[in-house]
4 protein chains.
Amino acid sequence: MPTASSSPSADTPAKRMRRKESRPSELLAAALDLFVEKGFAATRVEEVAQRAGVSKGTLFLYFPSKDELFKAVVRQTLAGRFHEWSDEVDSFTGSSAELLHYGMHSWWERVGNTQASGMTKLMLSEAQNFPEMAAFYQAEVVQPYHSLVQRILQRGVDRGEFAAVDLELATYAVTAPLIFLAMWKHSVGTHPCTASVLDPLRYLDAQVQILLNGLRVRPAPA
Amino acid sequence: MPTASSSPSADTPAKRMRRKESRPSELLAAALDLFVEKGFAATRVEEVAQRAGVSKGTLFLYFPSKDELFKAVVRQTLAGRFHEWSDEVDSFTGSSAELLHYGMHSWWERVGNTQASGMTKLMLSEAQNFPEMAAFYQAEVVQPYHSLVQRILQRGVDRGEFAAVDLELATYAVTAPLIFLAMWKHSVGTHPCTASVLDPLRYLDAQVQILLNGLRVRPAPA
Amino acid sequence: MPTASSSPSADTPAKRMRRKESRPSELLAAALDLFVEKGFAATRVEEVAQRAGVSKGTLFLYFPSKDELFKAVVRQTLAGRFHEWSDEVDSFTGSSAELLHYGMHSWWERVGNTQASGMTKLMLSEAQNFPEMAAFYQAEVVQPYHSLVQRILQRGVDRGEFAAVDLELATYAVTAPLIFLAMWKHSVGTHPCTASVLDPLRYLDAQVQILLNGLRVRPAPA
Amino acid sequence: MPTASSSPSADTPAKRMRRKESRPSELLAAALDLFVEKGFAATRVEEVAQRAGVSKGTLFLYFPSKDELFKAVVRQTLAGRFHEWSDEVDSFTGSSAELLHYGMHSWWERVGNTQASGMTKLMLSEAQNFPEMAAFYQAEVVQPYHSLVQRILQRGVDRGEFAAVDLELATYAVTAPLIFLAMWKHSVGTHPCTASVLDPLRYLDAQVQILLNGLRVRPAPA
DNA sequence: CATGAATGAGGCTTCATTCAT
DNA sequence: CATGAATGAAGCCTCATTCAT
């Protein structure tokens with residue numbers, strides 16, 4: 001340890017360099033928080049930069065505009081998680097009722113109860129102003145999600161566990177409570193006075209039960 | 001009365017028409033459209049005025065600020081319709097299953113399938129930025145709605161038609177598809193490519209069925 | 001009194017007609033009050049109209065613009081009073097010291113302690129923005145005033161009552177306390193906390209005494 | 001160090017010069033000029049910015065609003081100079097008559113004959129519209145000034161140089177010519193035709209003489 | 001690369017002025 | 001003549017974006 005060259009002395013660019021790689025993701029995380037919290041228009045880029053610990057100008061080194069920052073947030077938050085979930089469905093060994101229950105609770109744990117669900121709200125709210133983004137969201141998020149749910153339902157039908165209902169409608173039936181929870185969490189759910197009224201987990205359990213009743217679930221044939 | 005030639009018919013290009021009586025509602029209608037379409041922040045007051053056929057300054061003769069215009073839209077669109085609906089519930093003579101079906105389809109006809117549902121989306125999206133407005137919405141819209149649904153469900157329970165489920169959760173179960181439809185209609189539903197995928201009426205029917213199954217509806221005791 | 005034709009029945013234009021003549025002066029009075037109270041820019045024409053009991057449009061029937069209204073106020077308030085005062089000086093029979101005392105107290109009673117002094121303040125404040133008006137004020141008010149004061153002083157000198165001072169400077173010495181009182185009355189003097197600190201009449205008395213001392217007043221030679 | 005060629009000399013037309021340090025004072029100077037010249041309401045912030053050589057937005061980096069800019073001008077121009085003046089009074093060794101003469105001429109050199117006297121005019125003119133500002137001005141400018149003048153007069157009385165007059169009134173007698181000069185300089189005094197009529201220094205000399213006569217000045221007792 | 005001072009288009013709001021009734 | 005609803009230019013202020021350092 002001859003010289004303490006690694007210590008961040010006054011002008012050492014070490015600190016900057018060290019974090020250069022992570023700057024975009026830090027900015028995206030800050031932007032996600034603020035967009036979800038305040039909406040797109042009400043969020044100022046300077047706030048995003050501050051929360052990410054950089055200056056306003058730096059943000060524009062990584063994202064050419066506020067619009068592009070928004071698109072990047074959507075892409076990062078929602079892309080590339082369906083592959084993993086699809087594998088889980090494929091390798092699931094329990095009953096389809098259990099799979100449906102597992103899937104919906106998984107969604108809550110991994111999406112609904114995280115900032116990611118804020119993006120759902122954000123897309124639904126601001127999609128109109130970003131047609132390009134809406135198309136992207138439709139193709140990269142809505143469609144994969146839809147397929148995934150349909151595969152779960154089809155599995156139940158194929159195995160004789162679910163009645164042969166209209167899969168399209170049933171998919172929406174699954175989706176509605178998730179949308180509802182996402183919206184609830186990020187709107188009225190943020191007010192303390194109303195926050196304790198709805199227990200999301202109990203609500204999800206009840207929804208699964210209703211859905212299964214609606215699907216006239218039967219035990220897997222022996 | 002062959003031709004009402006003296007009436008200032010619709011297409012009259014006359015400027016400076018004096019119609020103080022109808023201005024507020026025209027402005028509110030224009031504002032509703034644009035707020036729903038583009039969100040609060042992205043809507044410019046000049047656009048609202050233009051769509052209402054007046055100049056920017058005229059808007060401020062009737063609403064002291066953009067915020068107040070927004071509040072007025074909320075009031076006009078959502079408040080004060082629950083009294084009528086409450087009466088309908090009181091005087092309903094059919095089964096509670098029919099009442100639930102009727103209520104949800106009524107909502108679709110009178111709210112969901114109109115611009116009014118856009119305000120639901122808007123409130124959920126922008127409420128954070130208007131704490132005062134959020135409180136108003138909670139008190140004047142959410143609470144009355146909640147009470148109304150609970151009364152329907154309680155009626156079924158009291159008459160032995162519905163199982164004695166958790167009314168709070170059941171209310172959310174009723175609400176979720178409505179929220180879903182409202183969000184769907186005003187986001188992805190506006191794109192032609194996706195518009196035909198979901199038939200709201202069939203979806204509602206299916207939801208009612210699922211709910212009734214979930215509530216283990218039984219025929220009214222003979 | 002055969003028929004009560006003079007009673008102001010519903011649509012009788014009598015009331016309007018009766019006051020048509022006085023409209024301009026009512027508007028000028030209202031404008032004077034408000035201009036003095038709030039300044040030119042901060043006074044809205046609608047306020048002036050309201051205080052005069054007419055509508056905004058009516059004001060523009062009598063004055064083509066807010067600027068012209070201001071000019072009219074200046075003209076009306078300050079024109080044609082010097083002739084009367086000049087006569088008073090001519091016919092004054094007492095000593096010149098008494099004349100100076102009388103003149104300054106007269107000014108307070110007729111100008112300083114009325115809204116007219118507000119115009120002094122107003123001209124001093126806003127003259128820059130109305131070069132034309134400033135010239136008018138200079139010619140129609142300042143010059144006549146100046147002449148009047150100089151005649152009083154000259155009278156004292158001619159009669160051996162005042163020392164033969166620089167009349168120009170002496171005129172300003174007379175003027176300063178009047179300007180001071182006018183400004184004081186319409187600025188800090190309006191606040192209750194400071195209003196009672198200065199008694200204008202005592203202040204004027206003291207000023208006259210100082211002036212007379214300064215002019216080394218001597219009794220008129222026997 | 002023959003030539004400082006690298007320094008950004010005065011005439012550099014470069015835009016986006018970064019001079020955070022000097023911006024506030026440049027803006028304050030520009031604002032002072034314009035406020036004095038045109039009044040508060042008639043001065044547009046963009047004018048102030050232009051005169052300071054910056055853009056509209058830059059002004060708002062340093063002052064959060066036009067009102068605050070005005071307050072800052074008042075603070076910088078008038079407050080915080082009384083301490084220095086108070087010291088001068090304490091350490092003055094001449095007669096009280098000389099002190100009075102010195103004080104009034106000092107005022108002319110340091111305030112009356114500078115833009116600072118424009119703020120006096122401005123406060124008197126616009127104070128009504130800024131109650132908060134008026135209170136600040138009263139506390140930070142009027143009161144200290146008043147105390148200072150009274151101390152000068154009291155010194156003369158204590159030393160037997162001045163008659164024991166009403167100090168309150170005497171203070172106003174001292175103040176009136178200063179107010180008069182300030183108003184005169186910034187209203188009619190700006191017009192060339194009238195500018196040469198009054199020589200402020202001679203006027204002040206005459207006023208001092210009148211005051212001293214009025215105070216029945218006597219030589220300091222031997 | 002990073003900074004943050006500077007920019008200026010654009011939004012909300014006011015209000016003098018117009019004009020159909 | 002009188003009204004007051006309507007207009008639109010103009011002002012204050014914000015903030016996404018740029019760029020000299």
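Here is how names work: the chains are called A, B, and so on, in the same order as the sequence lines, proteins then strands, and each is numbered from 1.
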Taking any heavy-atom pair under 4.0 Å as a contact, classify [X]: base, sugar-phosphate, or nothing.
| X | result |
| --- | --- |
| Val45(D) | sugar-phosphate |
| Tyr62(D) | sugar-phosphate |
| Lys66(A) | sugar-phosphate |

Quiz item: Hey, is the side chain of Arg23(C) poking within less than 4.0 Å of OP1 or OP2 on dC1(F), counting only N and O atoms?
Solution: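 No, because none of the side-chain N or O atoms of Arg23(C) sits under 4.0 Å from OP1 or OP2 of dC1(F).
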Quiz item: So does Thr58(C) get a side-chain nitrogen or oxygen closer than 4.0 Å to the phosphate oxygens (OP1/OP2) of dA2(F)?
Solution: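 For dA2(F), neither OP1 nor OP2 has a side-chain N or O of Thr58(C) closer than 4.0 Å.
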Quiz item: Looking only at atom types and distance, does a side-chain atom of Gln128(A) sit under 3.5 Å from a main-chain N or O of His186(B), one as donor and one as acceptor?
Solution: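 A pair under 3.5 Å: yes.
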Quiz item: Any N or O donor-acceptor pair linking the side chain of Lys56(B) to the base of dG10(E) at under 3.5 Å?
Solution: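 It does not, because no donor-acceptor pair links the side chain of Lys56(B) to the base of dG10(E) below 3.5 Å.
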Quiz item: Would you say the side chains of Ser25(D) and Ser22(D) form a donor-acceptor pair under 3.5 Å?
Solution: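 On atom types as modelled, these side chains do not qualify, holding no pair under 3.5 Å.
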Quiz item: Whom does dC15(F) pair with, Watson-Crick or G-U wobble, provided both distances fall under 3.5 Å?
Solution: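 Its partner is dG8(E) (Watson-Crick or G-U wobble, both distances under 3.5 Å).
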Quiz item: Taking a pair as Watson-Crick or G-U wobble with both distances under 3.5 Å, which nucleotide is matched to dC1(F)?
Solution: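 Answer to the pairing question: none, since dC1(F) forms no Watson-Crick or G-U pair.
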Which heavy atom of [X] sits nearest to which heavy atom of [Y], and what is that distance?
| X | Y | value |
| --- | --- | --- |
| Leu59(B) | Ala49(B) | CD1-N, 4.2 Å |
| Met133(C) | Phe136(C) | CE-CD2, 3.0 Å |
| Leu122(A) | Val36(A) | CD2-N, 4.4 Å |

Starting from [atom2] on [N], measure out to [atom1] on [X] and report it in whole angstrom.
| X | N | atom1 | atom2 | result |
| --- | --- | --- | --- | --- |
| Glu47(B) | dT13(E) | CD | P | 15 Å |
| Asp67(A) | dC15(F) | CG | C1' | 14 Å |
| Leu61(D) | dC12(F) | CG | C1' | 15 Å |
| Glu46(B) | dG8(F) | CD | P | 10 Å |
| Phe60(D) | dG4(E) | CZ | P | 23 Å |
| Leu69(B) | dC12(E) | CG | P | 11 Å |
| Phe70(A) | dC15(F) | CZ | P | 18 Å |
| Gln50(A) | dA2(E) | CD | P | 17 Å |

Self-check item: 5'-most by nearest nucleotide on DNA chain F - Ala42(A) or Gly57(B)
Solution: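 With Ala42(A) and Gly57(B) compared, the 5'-side residue is Gly57(B).
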Self-check item: Out of dG11(E), dC15(E), dT3(F), whichever nucleotide has its closest atom nearest the side chain of Arg44(C)
Solution: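 Nearest listed nucleotide: dC15(E).
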Practice problem: Please tell me which of Gly53(D) and Thr43(B) maps to the more 5' nucleotide of DNA chain E, matching each residue to the nucleotide holding its nearest heavy atom. | Solution: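 Looking at the nearest nucleotide for each, Gly53(D) comes out on the 5' side.
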